[in-house]
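Values in this document were obtained by computation on a predicted structure and should not be read as measured data. Atom set for the values below is all heavy atoms of this structure, side chains included, hydrogens, waters and symmetry mates excluded. Note on naming: letters A, B, ... go to the chains in the order of the sequence lines (proteins, then strands), and numbering restarts at 1 for each one.
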2 protein chains.
Amino acid sequence: MIDESTSSYIAGHPILVAVDNVIFGFDAEEEKLKVLLFRRKIEPFAGQWSLVGSFVRPNESAVVAASRILTEFTGLDSLYLEQLHCYTNVDRDPADRVISIAYYSLIQLQKYRKELVEKHHAGWFEINDIPDLVIDHNQMVSDALIRLQNNSRRKPVGFNLLPPKFTLPQLFKLYQEIYQQQIDDRNFRKKILATGLLDKLETKDKTTSKKGAFHYRFNKTKYKELETDGCDILFH
Amino acid sequence: MIDESTSSYIAGHPILVAVDNVIFGFDAEEEKLKVLLFRRKIEPFAGQWSLVGSFVRPNESAVVAASRILTEFTGLDSLYLEQLHCYTNVDRDPADRVISIAYYSLIQLQKYRKELVEKHHAGWFEINDIPDLVIDHNQMVSDALIRLQNNSRRKPVGFNLLPPKFTLPQLFKLYQEIYQQQIDDRNFRKKILATGLLDKLETKDKTTSKKGAFHYRFNKTKYKELETDGCDILFH
DNA sequence: TCAAAAGTGTTGGGATTACACCCATGG
DNA sequence: CCATGGGTGTAATCCCAACACTTTTGA
């Protein structure tokens, strides 16, 4: 892998290893895809908006670190946590040589614990209205969205963002937010129902219309199947 | 990002940062996709087969490190170098806490400098006949192939593996190797020519048949366009 | 009764698959 | 002249995109 001289050369200049987590949530009321940000507590850039992150501890892998901070900030275990990219530019952090392994996760926005978010001075921001973030975190958010879009085509990831019971109009709005584009609603229904992913329930959600929209839940068996085998949920 | 106590906690337990590079080449004579491996020089696992890699130096980013070792081992600059995944299991290296950022690159096998490969006790192995590698390097190779397959569908990456002039039968064999499946050759020609990527030349390659196969080269303008906009080169 | 959201089908065009034979040439 | 690999076309099918009106019901 390396020669010894390189190894000892490295020893005096440790590289610090951090993780940052792009935590996505879908606000069903506002029909907006959101990202959790907080005001960074340490220098450099203390007080500026930042993704949630942490150094990787000696006894944990990066995914464990990403999972740990997710729980710290939201009280939730991740339904969906995927490594995005490792950012390694030499000057990305002016204070130390720090590389950051970025993850992205999908959570149910209605379940997170508000007091934890408040305690950390964190807040949810619309994907289209992200403020200036520290270092390369804006890049991380934008890379995460692209990844989420690509994954949504091949796997039914979007369901991780919705409550167990949801309506087709909600799911439709979610896909429009993920893809950042208008979708034909008749074709959407046809395509999504054709996957066999959805079980229609008897009940209706009447909070957004007088007629009410039927509840659906996703079929876990079919869901796991498509997660493995892949599908093609893509709209023009 | 973190609190100070975590920072100082980390300081005494540095995590070492390495890169490993899955270098792909296409052997046009044997019609095989190959990966460059070498016998690891340092403990642990000295003498065992390994991907080519190095620690990341204090003044270089990971991509620069990956590029550096590519040049060290092949004498080539990378046409195509992409970050794959960062492997961070705590016990992956029994000696130290080392994480590895894996890259994969595509090179023209006929151009690499043999003496460098020999000097490093390296060799080319068929993608279907990879020996047991150190640590998680078999996983890296298999992840790299999956990534190469996915990228090949959306972008014309395969051309990075071929010389400037190549024949359709060669390109066809290359895609079969990448996808690890049989492809209908008439449909392949139709689809690949329909992209407008290929310029047919006057000359023929007669090394593999009496009739000879026409040379093609790829159209750089169209190539860059499809690299950006994406395409859909996928076969049943 | 009306406003506001939910729900529903068809058709035409383009793309994809499956499939088998002739061509050119050097030995 | 023949063995070897190179090259070609069509028909049937499937999938996708485009598109507009009816239903329900609470206020």
Side-chain angles (χ1 to χ4, degrees), chain A residues 27-32 152-154 162 165-177 179 181-217 226 229-236, chain B residues 27-32 152-154 162 165-177 179 181-217 226 229-236:
Chain A
D27 186 323
E29 275 141 51
E30 297 184 28
E31 300 172 349
K32 294 289 179 191
S152 297
R153 292 180 182 194
R154 313 227 153 261
L162 290 171
K165 292 180 186 182
F166 52 87
T167 67
L168 281 185
Q170 278 173 351
L171 186 61
F172 174 67
K173 303 271 175 44
L174 171 57
Y175 271 87
Q176 289 200 143
E177 275 288 295
Y179 288 131
Q181 66 178 226
Q182 296 299 114
I183 300 173
D184 180 286
D185 66 333
R186 277 168 292 186
N187 291 339
F188 176 81
R189 280 165 180 270
K190 227 182 307 172
K191 192 155 196 169
I192 206 81
L193 290 172
T195 61
L197 269 172
L198 300 186
D199 293 340
K200 189 176 185 174
L201 304 180
E202 302 288 303
T203 56
K204 278 189 168 186
D205 173 358
K206 294 208 166 187
T207 57
T208 57
S209 80
K210 291 158 185 173
K211 184 179 181 180
F214 278 104
H215 282 125
Y216 285 79
R217 72 172 161 228
L226 291 187
D229 302 352
C231 58
D232 191 15
I233 306 176
L234 175 57
F235 305 96
H236 175 67
Chain B
D27 185 323
E29 276 141 52
E30 296 184 29
E31 299 172 350
K32 294 289 180 191
S152 297
R153 294 184 178 189
R154 312 226 153 260
L162 290 172
K165 292 181 184 183
F166 52 86
T167 67
L168 281 183
Q170 278 174 350
L171 185 62
F172 174 67
K173 303 271 175 43
L174 170 57
Y175 271 87
Q176 288 200 143
E177 275 288 294
Y179 287 132
Q181 65 179 228
Q182 297 299 113
I183 301 173
D184 181 286
D185 66 333
R186 277 167 294 186
N187 292 339
F188 175 80
R189 280 166 180 269
K190 228 183 307 173
K191 191 154 196 171
I192 206 80
L193 289 173
T195 61
L197 269 172
L198 299 186
D199 292 339
K200 188 176 184 174
L201 304 180
E202 301 289 303
T203 55
K204 279 189 167 187
D205 173 0
K206 293 206 166 189
T207 58
T208 57
S209 80
K210 292 159 184 171
K211 183 177 180 180
F214 278 104
H215 282 125
Y216 285 79
R217 71 171 162 229
L226 291 187
D229 302 351
C231 58
D232 191 16
I233 307 177
L234 175 57
F235 304 96
H236 176 69

Specify the separation, in whole Å, of atom [atom1] of [X] and atom [atom2] of [N].
| X | N | atom1 | atom2 | answer |
| --- | --- | --- | --- | --- |
| Asp184(B) | dT8(D) | CG | P | 14 Å |
| Phe188(B) | dT17(C) | CZ | P | 13 Å |
| Gln182(A) | dA17(D) | CD | C1' | 16 Å |
| Lys204(A) | dG26(D) | NZ | C1' | 13 Å |
| Leu168(A) | dG7(C) | CG | P | 6 Å |
| Phe172(A) | dG7(C) | CZ | P | 12 Å |
| Gln170(A) | dA6(C) | CD | C1' | 13 Å |
| Lys210(A) | dG7(C) | NZ | P | 16 Å |

When you get a sec, tell me which of [options] is the closest nucleotide to the side chain of [X]?
| X | options | value |
| --- | --- | --- |
| Lys190(A) | dA5(C), dG7(C), dA18(D) | dA18(D) |
| Lys206(B) | dG26(C), dG7(C), dC19(D) | dG26(C) |
| Lys211(A) | dC19(D), dG7(D), dT23(D) | dT23(D) |
| Asn187(A) | dG9(C), dT16(C), dG27(C) | dG9(C) |

For a quick check, tell me whether the side chain of Arg186(B) and the base of dA20(C) share a donor-acceptor pair closer than 3.5 Å. yes
Atom of Ile192(A), atom of Thr195(A) and distance for their closest heavy-atom approach: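 It is O-OG1, 2.6 Å.
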May I ask you to say what Thr167(A) touches in the nucleic acid, namely base, sugar-phosphate or nothing, with a heavy-atom cut-off under 4.0 Å? nothing
Does Lys211(B) offer a backbone N or O that forms a donor-acceptor pair with the side chain of Lys204(B) under 3.5 Å?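 Looks like yes, one N/O pair under 3.5 Å.
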Specify the residue among Phe214(A) and Asp185(B) whose closest nucleotide of DNA chain C lies further upstream toward the 5′ end.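 Checking each residue's closest nucleotide, the 5'-ward one belongs to Phe214(A).
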Atom pair CG/OH of Asp185(B) and Tyr175(B) - distance to nearest 0.5 Å: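 Answer for the CG-OH pair, Asp185(B) versus Tyr175(B), is 15.5 Å.
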Working to the nearest 0.5 Å, report the span between CG of Leu162(B) and OH of Tyr216(B). 14.0 Å
May I ask you to check whether over 12 heavy atoms, not counting those of Arg153(A), lie within 6.0 Å of atom CZ?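 Yes - once you tally the heavy atoms of other residues, nucleotides and ligands closer than 6.0 Å, there are more than 12.
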